[in-house]
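Taking it in order: structure first as structure tokens, then the write-up.
Order of listing sets the numbers, starting from 1, for every ligand and every atom in it.
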Amino acid sequence: MDVLVIGSGGREHALCWKLAASPLLRNLYCAPGNGGIAQDAECIDMDITDHAAIIDFCRDRSIDLVVVGPEAPLVAGLVDDLQAAGIRAFGPSAAAAQLEGSKGFTKDLCARYDIPTGAYGRFTDAAAAHAYVAEKGAPIVVKADGLAAGKGVTVAVTVAQADAAIDEAFGGRFGAAGAEVVVEEFLEGEEASFFVLTDGVNALPLATAQDHKAVGEGDTGPNTGGMGAYSPAPVMTEAMIERTMEEIIRPTIAGMAADGHPFRGVLFAGLMITDTGPQLIEYNIRFGDPECQALMVRLKSDLMAALIATMDGVLDRFDLRWDSDAALTVVMAAEGYPGDVQKGSAIGGLFDASLVDGVSIFHAGTRDDGMTFRANGGRVLGITALGKSVRQAQDRAYDAVDRIEWPEGFCRRDIGWRAIAREDAED
Ligand code: AMP
Ligand code: GLY
């Protein structure tokens with residue numbers, strides 16, 4: 001098969017790396033890709049918001065399958081446009097992508113189908129939102145309704161913080177994404193990411209993961225796209241996975257189908273595991289980044305076959321094999337991230353780092369200038385390691401990190417700390 005992957009991050013590098021290992025693959029392309037992805041796929045310099053250009057490329061190269069990595073093109077209807085042009089594409093339709101594209105849409109779905117999630121209100125004017133906060137009190141969570149690159153959520157400890165977040169959203173900080181605001185009950189517990197493949201009817205659980213969103217050690221400081229992740233997430237026991245499937249995932253899939261927009265693709269549930277069980281924080285409609293990197297090194301089965309089974313609607317007759325080892329990804333970012341960063345600094349030592357046992361290096365934002373790799377974004381590398389325990393995976397990942405010569409980059413040194421504390425307590 002000839003396959004085109006859409007995207008340019010660490011998630012897309014991991015997807016390309018895994019697809020490149022498929023016996024079903026003939027040619028692999030990635031648009032626009034990055035310096036590291038070029039090791040596994042032919043990178044195509046293309047504007048991915050130009051759906052007509054993507055369709056032309058697919059026709060020209062007789063592409064059999066398009067795999068869309070990030071949320072923005074899914075919400076923008078790329079899969080609908082490809083399918084209308086007769087090109088097979090993996091990922092949800094724009095209508096189904098509202099599960100990530102509109103937090104209010106998801107909350108209403110939860111209310112309609114009795115899916116556990118925090119109590120909430122949807123608001124299009126500031127006064128009503130302020131009144132709701134005054135009634136409920138703090139802590140409380142304020143969210144821009146639309147896509148805001150992970151920055152649209154404020155966990156407000158005080159009413160004043162919540163009020164400020166409401167004014168910011170309606171003041172235009174997130175553009176159109178903040179024209180509506182969801183105010184939501186604060187949930188207490190441990191977070192986990194849970195992934196399923198779904199063909200619109202059947203759901204096949206993938207592995208679990210936990211990510212570290214905050215930029216600073218001890219999970220402090222501003223939120224980022226994710227500074228690291230590990231899989232599996234120990235909080236997701238077999239029993240908790242079954243409850244999540246029963247109480248959250250299956251009703252969502254059935255509800256989406258009943259409402260006339262079946263969801264096909266990867267459904268990523270951000271969960272809070274509370275004292276009373278799993279609660280939905282949010283849905284994403286794609287693999288997580290960097291969770292995908294940790295998942296892909298644990299997946300033993302052919303990813304391509306799984307994507308095809310999803311599109312063919314036969315997931316009830318499909319299974320996947322996973323490595324029982326743990327995987328852990330440490331993100332290396334350019335100084336200044338999640339704020340403004342300088343591009344262009346040279347990165348050395350990548351080959352030496354790749355020699356560490358169990359390590360795979362995924363590029364999130366690099367370009368290859370022919371002589372060396374250079375930083376080309378906020379998140380730049382995802383150093384991923386397998387290990388018999390999270391501790392061993394962490395040791396290997398940081399061993400590789402320490403071989404990388406990149407003074408302009410930084411990483412957190414504590415990725416996996418919760419899981420490692422748990423492992424230590426069990427010893
Ligand atoms: P989101 O972008 O919706 O994933 O939210 C970003 C982060 O905010 C989540 O990973 C949680 O840590 C936190 N968060 C969001 N909603 C809630 C909630 N209702 N209660 C507690 N924390 C939340
Ligand atoms: N790492 C969180 C996300 O991909 O949304």
inquiry  = Any nitrogen or oxygen of Asn223 lying under 3.5 Å from a nitrogen or oxygen in ligand 1? Just yes or no.
reply    = no

request  = Would you mind running through ligand 1 and noting each atom that sits below 4.0 Å from a heavy atom of Lys103?
outcome  = 3 (O)

message = Show me, by chain and number, every protein residue that has a heavy-atom distance under 4.0 Å to ligand 2.
response = Asp211, Gly225, Phe268, Asn284, Arg286, Gly288, Asp289, Pro290, Glu291

message = Does atom CG (Asp47) have a neighbourhood of more than 12 heavy atoms from anything else shown, all under 6.0 Å?
response = yes

task = Specify whether Tyr230 and His212 have parallel, tilted or perpendicular ring planes, treating 30° as the upper limit for parallel and 60° as the lower limit for perpendicular.
result = tilted

request  = Start with the C-alpha distance between Phe57 and Tyr29, add both sets of side-chain angles, then the distance that settles ring-ring contact (aromatic ring centres under 6.0 Å, His included), and finish with yes or no.
outcome  = CA-CA 10 Å; Phe57 176 85; Tyr29 305 93; 5.4 Å; yes

request  = Under the salt bridge (Lys or Arg N to Asp or Glu O under 4.0 Å) rule, collect the residues that match up with Asp399, sequence neighbours excluded.
outcome  = Arg403

request  = Please identify which atoms of ligand 1 are closer than 4.0 Å to at least one heavy atom of Val153.
outcome  = 1 (P), 2 (O), 3 (O), 5 (O), 8 (O), 15 (C)

task = Check ligand 1 against Phe186 and write out every atom of the ligand that is under 4.0 Å from a heavy-atom position of the residue.
result = 20 (N), 21 (C)

task = In sequence, state the C-alpha distance, the side-chain angles, and the governing distance for His130 and Asp167, and then conclude on side chain to side chain contact (heavy atoms under 4.5 Å, CB included).
result = CA-CA 9 Å; His130 287 306; Asp167 290 336; 2.8 Å; yes

note = Met272 heavy atoms within 4.0 Å reach ligand 1 at atoms 21 (C), 22 (N)

ask   = Counting heavy atoms only, which of Thr274, Asp211, Val155 comes nearest to atom 13 (C) of ligand 1?
value = Val155

query = Less than 4.5 Å apart, any side-chain heavy atom of Val359 and any of Thr384?
reply = no

ask   = Do Phe123 and Tyr132 make the cut of ring centroids closer than 6.0 angstrom?
value = yes

query = If you measure from the Lys or Arg side-chain nitrogens to the Asp or Glu carboxylate oxygens, is any gap between Glu185 and Lys136 under 4.0 Å?
reply = no

query = For Gln279, is the nearest heavy atom under 4.0 Å from an atom of ligand 1?
reply = no

request  = Closest by any non-hydrogen atom to atom 19 (N) of ligand 1: pick that one out of Lys143, Glu184, Lys213.
outcome  = Glu184

task = For the residue pair Phe194 and Ile273, establish whether any side-chain heavy-atom pair is separated by less than 4.5 Å.
result = no

task = Assess Glu188 for proximity to ligand 1: is some non-hydrogen atom of it under 4.0 Å away?
result = no

note = Going by the 4.0 angstrom heavy-atom rule, the piece of Leu187 near ligand 1 is both

request  = Show the numbers, then the answer: is there a side chain to side chain contact (heavy atoms under 4.5 Å, CB included) between Leu320 and Leu303?
outcome  = CA-CA 9 Å; Leu320 290 168; Leu303 174 65; over 6 Å; no

query = Could Asp211 and Lys213 be called an ion pair, given the rule that one side-chain N must be under 4.0 Å from one carboxylate O?
reply = yes

